[in-house]
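Below is one structure; the comments refer to it alone.
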Amino acid sequence: ISLNEFTLPNGKVVIGNRVFFDSGVAKLTIQPNTEILSLGVSAFGGSAKNSGLNLVINVSNSNKYQIVGNAIYNKAMDTLVLAIPSSATSFTVPATVKHIGNGAFAAYHNLETLTFASGSALVSIEDNAFAGCNKLHTVVLPAQEITIGSSAFEGAGALANIDLSK
């Protein structure tokens with residue numbers, strides 16, 4: 001079955017591992033009162049014409065989320081919920097982000113370098129946040145106490161350098 005569009009319902013939603021993997025979903029709409037509790041590993045992997053690169057996510061009516069650049073954040077901009085897969089090979093997390101959500105980058109297969117903006121407020125990287133980012137080779141974390149969840153970098157086989165000096 002090929003699915004072109006999907007609308008998440010209002011209420012609390014858990015998006016499991018590989019739910020939309022290779023589904024063909026090219027557009028995801030988030031309702032005004034949808035609250036994503038967790039995002040599974042590779043939830044959107046292979047979506048949108050089997051590449052994940054053309055996924056359009058509509059949060060225009062959401063009371064909880066906003067899109068800034070190439071990612072979905074909560075309205076307070078302190079939680080990065082999902083980095084929308086693109087052809088970009090690097091990503092800079094804004095200074096306001098305290099939490100990188102469960103599976104937030106799991107579908108971002110082109111990601112090679114991850115950095116954090118100066119003055120970063122980061123305190124946690126949740127479970128499976130970068131799982132399957134097999135091209136990720138460099139992570140530059142802020143030099144502060146950070147909790148890193150289970151399997152946060154699982155499958156990031158190219159990861160050769162985690163820099164804590166910033």
Side-chain angles (χ1 to χ4, degrees), residues 8 13-15 20 27-30 32 34-45 47-48 51-166:
L8 292 174
V13 176
V14 173
I15 300 174
F20 296 104
K27 182 178 181 185
L28 178 73
T29 300
I30 298 175
T34 300
E35 181 177 356
I36 299 171
L37 298 177
S38 74
L39 187 63
V41 175
S42 292
F44 297 98
S47 294
S51 69
L53 299 180
N54 299 313
L55 183 63
V56 173
I57 300 179
N58 179 3
V59 297
S60 61
N61 294 321
S62 176
N63 297 324
K64 299 185 182 295
Y65 304 104
Q66 62 185 319
I67 293 179
V68 176
N70 213 34
I72 298 175
Y73 301 88
N74 65 344
K75 288 287 187 180
M77 283 291 292
D78 65 2
T79 301
L80 193 158
V81 178
L82 175 67
I84 302 167
S86 77
S87 59
T89 59
S90 64
F91 192 98
T92 299
V93 177
T96 58
V97 172
K98 295 179 181 178
H99 311 282
I100 296 178
N102 183 351
F105 283 84
Y108 208 136
H109 299 298
N110 286 330
L111 184 64
E112 295 177 9
T113 304
L114 178 75
T115 57
F116 292 81
S118 178
S120 175
L122 187 70
V123 294
S124 71
I125 297 174
E126 295 182 14
D127 298 349
N128 303 303
F130 299 94
C133 290
N134 57 355
K135 293 181 182 177
L136 181 62
H137 57 76
T138 302
V139 176
V140 181
L141 292 172
Q144 61 207 34
E145 185 174 326
I146 299 168
T147 300
I148 299 176
S150 174
S151 302
F153 294 96
E154 182 177 355
L159 189 57
N161 184 29
I162 296 179
D163 184 342
L164 302 173
S165 66
K166 304 292 178 206

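- L114 contributes atom CG, which lies 6.0 Å from atom CD1 of I100 (distance to the nearest 0.5 angstrom).
- Remark: A156 pairs with F153, L159 by the side chain to side chain contact (heavy atoms under 4.5 Å, CB included) rule, at least two apart or across chains.
- Taken from CG in L37 to CD in E35, the straight-line distance is 5.0 Å, to the nearest 0.5 Å.
- For F91, the ring-ring contact (aromatic ring centres under 6.0 Å, His included) partners two or more places apart in sequence, or in a different chain, are F105.
- Every residue two or more places apart in sequence or in another chain that forms a side chain to side chain contact (heavy atoms under 4.5 Å, CB included) with A117 is listed here: T92, A95.
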Should L82 and Y65 be marked as a side-chain contact (heavy atoms from CB on, under 4.5 Å) after you check the CA-CA gap, both sets of side-chain angles, and the distance that decides it? CA-CA 10 Å; L82 175 67; Y65 304 104; over 6 Å; no

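- Every residue meeting the side chain to side chain contact (heavy atoms under 4.5 Å, CB included) condition with T89, not counting sequence neighbours, appears here in chain and number order: E112.
- Side-chain atoms of H99 and T79 form no donor-acceptor pair, as typed in the model, at a separation below 3.5 Å.
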Stepwise side-chain contact (heavy atoms from CB on, under 4.5 Å) test for I72 and Q66: CA-CA 6 Å; I72 298 175; Q66 62 185 319; over 6 Å; no

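- Annotation for K75: atom NZ counts as buried by contact number, over 12 foreign heavy atoms lying within 6.0 Å.
- Note: L28 CG to I57 CD1 = 5.5 Å, rounded to the nearest 0.5 Å.
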Can I get a per-line list of side-chain donor-acceptor pairs under 3.5 Å for residues 138-147, giving both atom names and the distance, sequence neighbours left out?
residue : atom : partner : partner atom : Å
Q144    : NE2  : S120    : O            : 3.3
Q144    : NE2  : L122    : O            : 2.6

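- Formation of a donor-acceptor pair under 3.5 Å by the N74 side chain with backbone atoms of K64 is not found in this model.
- How far CG of N110 is from CG of N134: 9.0 Å, rounded to the nearest 0.5 Å.
- Side-chain atoms of T96 and D78, non-hydrogen and from C-beta on, never get closer than 4.5 Å to each other.
- If you take OG on S90 and CG on L111, they are separated by 8.0 Å, rounding to the nearest 0.5 Å.
- The structure places CG of L8 at 6.0 Å from CD1 of I30, a figure rounded to the nearest 0.5 Å.
- A side-chain donor-acceptor contact under 3.5 Å links N70 to the backbone of I84.
- Of the possible polar contacts, none joining the S151 side chain to the E154 backbone as a donor-acceptor pair under 3.5 Å is found.
- Y73 pairs by the ring-ring contact (aromatic ring centres under 6.0 Å, His included) definition with nothing, not counting sequence neighbours.
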